[in-house]
2 protein chains.
Amino acid sequence: MVTIRDIARQAGVSVATVSRTLSEPDAVRAETRARVQEAVAAMNYTPNAIARQLRRQRKETIIVIVPDISNPFFSGIVKGIENLAHDMGYRVLLGETQGKQERLDYYADLVLTRIADGLILLGSLLPTMVQASVAAGQAPSIPLVLACERFDGLQCPTVGIDNVAAARMAVMHLVQRGCSKIATITGPADNSLSLDRAQGYREVLAAAGLPIDGAMMGEGDFTIESGFAAMNLLLDKGLGVDGVFCANDEMAIGAQQAVLSRGLRVPQDVAVIGFDDIRFGAFAYPPLSTIRQPVGDLGEAAMRALDEVLHKKPTEQQSVILPHELVVRGSTA
Amino acid sequence: MVTIRDIARQAGVSVATVSRTLSEPDAVRAETRARVQEAVAAMNYTPNAIARQLRRQRKETIIVIVPDISNPFFSGIVKGIENLAHDMGYRVLLGETQGKQERLDYYADLVLTRIADGLILLGSLLPTMVQASVAAGQAPSIPLVLACERFDGLQCPTVGIDNVAAARMAVMHLVQRGCSKIATITGPADNSLSLDRAQGYREVLAAAGLPIDGAMMGEGDFTIESGFAAMNLLLDKGLGVDGVFCANDEMAIGAQQAVLSRGLRVPQDVAVIGFDDIRFGAFAYPPLSTIRQPVGDLGEAAMRALDEVLHKKPTEQQSVILPHELVVRGSTA
DNA sequence: CTGAAAGCGCTAACAT
DNA sequence: ATGTTAGCGCTTTCAG
């Protein structure tokens, strides 16, 4: 393996000069620089980044933790993070937890072991060490940013949208369309997103003078399959559902299939609206109405927030709320 | 920052003993070990993995490069890699190229700079340095495994399925179903997967005594949108297409929508079959028939192959071919 | 079983 | 402008 010493010897200079040529070329006389660069090329030298990291004490690597990479919503955010991270000179390590606490802790440990500088967390699980901080009422012990859920009592920057308002917008759309028996399929009950979206649902029903009925509220786990199952349950009750607000697009796609599989029509018999605007929604049958989240921007904002945490910049705002948008397609129109 | 020296001092032993306690506890007397562990706990010490990597010259980190994370096919493979990597003690850095050579080279450089040990490559682009090796007729200069495409002339392990045979199976299914005007929508022409799948298509038509007509072969880029567009083009020609084989599921979903949007029925008027069996296919309308690739196994096989390369084990076989499977759903039945 | 000491490859004072 | 040198935090001979 060729090291900086080999280059130094070859070019007839000191290792310091080689190091300078590589990191601040202007600090070296042109002629010397040329000799060094020649040696570098000749010997096919690439600096050892691990050694550099050890010396500099900066890793310029961040971890992004997602529950499930194959979820287009998460991967959209990751894409936003990646783009900006790259420009800002960070590497990104992507960790998938598949909902397992053990996996999550494993990835969070990478910042303890100095592999990475900080963490961006998507999803509803918190690393054990962070839970401990929350319990103790203190700030998390590692640089951390939350990129879609919020956790009360966790002192760290959070980026997201106003889920209550967004849910309101979705349900309002159903009301305006003339639906009066509006059901909802929520995510898991321990999830802040689920809670907020269910809250928006209730607020609109109340404001519209419609009854709020627990029997009209199904629960899924954000997968297509769970949306399909939950919708079937809802339909089985024979309550005359004529519209359904699903807490994400995947469940909405499942719900649509459930409706269609009973010979009912979407949207004539049951209007369906989802949440997220994933890529497949527009090509579902019928094309899915939804709330669009600015996934790319969410990712970038999270990256920016983490960068600020890492540089201990005055944390201007603990949370950034990005705008959402109603997208009307065939499933409600 | 607490280091190994702090622990040594606290426990009244040498740093060597601390190091041993941590990596080979049995080599230390029980009593000493206890003292060290106590100090570790008391001072909340976590070893610096960067320093360890520098010393040990092993990173135990691999890079997985994908063109697009939000493609469920790739993310399925990544999931397989991740699972096994974790068990084998590797970290995985995930890089998304978005089709950009520059991004690809950036990630490939991470093994040159000793951030990572090796590379698993999905997609059809090759790092510049690897292209150079191919051109020079020599083995790639970095540990490398290909996980879905093959490249003639590249001497490295490759895992995948038999794409020609799989395509044959798909088209054969269409033939057996009674289709006689079978079109295909291929991927980009510079892609080995596209080529192989188109090849299978032709072979079946030839064997069935059906004419092979360039006008029946559309080209997409593996996105839903391109499938939609390509199918419309095909339909515009008025050739009486009654079946279409798409080189992946996303294009098939787009193609289905194109058919439906013209008031034609799937599968009665046009039967549609895709490739990959992504999660959304089963919930498309109608549910999509397809060829299932064992994505998880593909990922695991790739990880295993890379591990062998990294340990310079006798490379038993340059390539592993995994079995595929026909999945019949509503779009052809 | 434990300790001393020599680095891994690089950067950053500090000299010259 | 360049060189010398002391580490970054850890592992690993080699002695004892």
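Here the structure is a predicted model, which is why all the values come from computation and not from measurement. All chains are named by letter (A, B, ...) in the order of the sequence lines, taking the proteins before the strands, and each is independently numbered beginning at 1.
- In this structure, B:Lys59 places its NZ atom 11 Å from C1' of C:dC8, rounding to the nearest Å.
- Other residues, nucleotides and ligands contribute only 12 or fewer heavy atoms inside 6.0 Å of the CD atom of A:Glu38.
- Taking 4.0 angstrom as the limit, A:Gln53 places none of its side-chain polar atoms (N or O) nearer than this to OP1 or OP2 of C:dG9.
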Next on the checklist: Taking Watson-Crick (N1-N3 plus N6-O4 or O6-N4) and G-U wobble (N1-O2, O6-N3), each under 3.5 Å, can you produce the dot-bracket string of DNA chain D? Use [ ] for crossing pairs and | for inter-strand ones.
Outcome noted: ||||||||||||||||
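- Rounded to an integer number of Å, the gap from B:Gln57 CD to C:dG9 C1' is 8 Å.
- Nucleotides of DNA chain D with any atom under 4.0 Å from a heavy atom of chain B span, from 5' to 3', D:dG9 to D:dT13.
- Rounded to whole Å, atom C1' of C:dG9 lies 13 Å from atom CD1 of B:Ile50.
- The existence of a salt bridge linking A:Glu60 and A:Arg58 is confirmed by a sub-4.0 Å separation between a basic side-chain nitrogen and an acidic carboxylate oxygen.
- Using a 30° and 60° split on the angle between ring planes, A:Tyr107 and B:His86 fall in the tilted class, from 30° to 60°.
- Annotation: side chain to side chain donor-acceptor pair (under 3.5 Å) contacts involving residues 127-137 of chain A, sequence neighbours excluded, comprise A:Gln101-A:Thr128, A:Asp105-A:Thr128.
- Every residue two or more places apart in sequence or in another chain that forms a salt bridge (Lys or Arg N to Asp or Glu O under 4.0 Å) with B:Asp307 is listed here: B:Lys313.
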Measure all distances between protein nitrogen or oxygen atoms and nitrogen or oxygen atoms of nucleotides 10-13 of chain C, and list the pairs falling under 3.5 Å.
{"residue": "C:dC10", "atom": "OP1", "partner": "A:Tyr45", "partner atom": "OH", "Å": "2.3"}
{"residue": "C:dC10", "atom": "OP1", "partner": "A:Asn48", "partner atom": "N", "Å": "2.9"}
{"residue": "C:dC10", "atom": "OP2", "partner": "A:Ile4", "partner atom": "N", "Å": "2.4"}
{"residue": "C:dC10", "atom": "OP2", "partner": "A:Tyr45", "partner atom": "OH", "Å": "3.4"}
{"residue": "C:dT11", "atom": "OP1", "partner": "A:Arg52", "partner atom": "NE", "Å": "2.6"}
{"residue": "C:dT11", "atom": "OP1", "partner": "A:Arg52", "partner atom": "NH2", "Å": "3.1"}
{"residue": "C:dT11", "atom": "OP2", "partner": "A:Ser19", "partner atom": "OG", "Å": "2.8"}
{"residue": "C:dT11", "atom": "O2", "partner": "A:Arg55", "partner atom": "NH1", "Å": "2.4"}
{"residue": "C:dA12", "atom": "O4'", "partner": "A:Arg55", "partner atom": "NH2", "Å": "3.3"}

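- One finds a salt bridge joining A:Arg304 and A:Glu300 here, because a Lys/Arg side-chain nitrogen approaches an Asp/Glu carboxylate oxygen to under 4.0 Å.
- In this structure, A:Arg29 pairs ionically with A:Glu31, as a charged nitrogen and a carboxylate oxygen lie closer than 4.0 Å.
- Every residue was checked against the side chain to side chain donor-acceptor pair (under 3.5 Å) condition with A:Arg114, not counting sequence neighbours, and none meets it.
- Side chains of A:Asn83 and B:Arg103: a donor on one and an acceptor on the other come within 3.5 Å.
- Here the side chain of B:Arg33 pairs a donor or acceptor atom with the backbone of B:Pro25 at under 3.5 angstrom.
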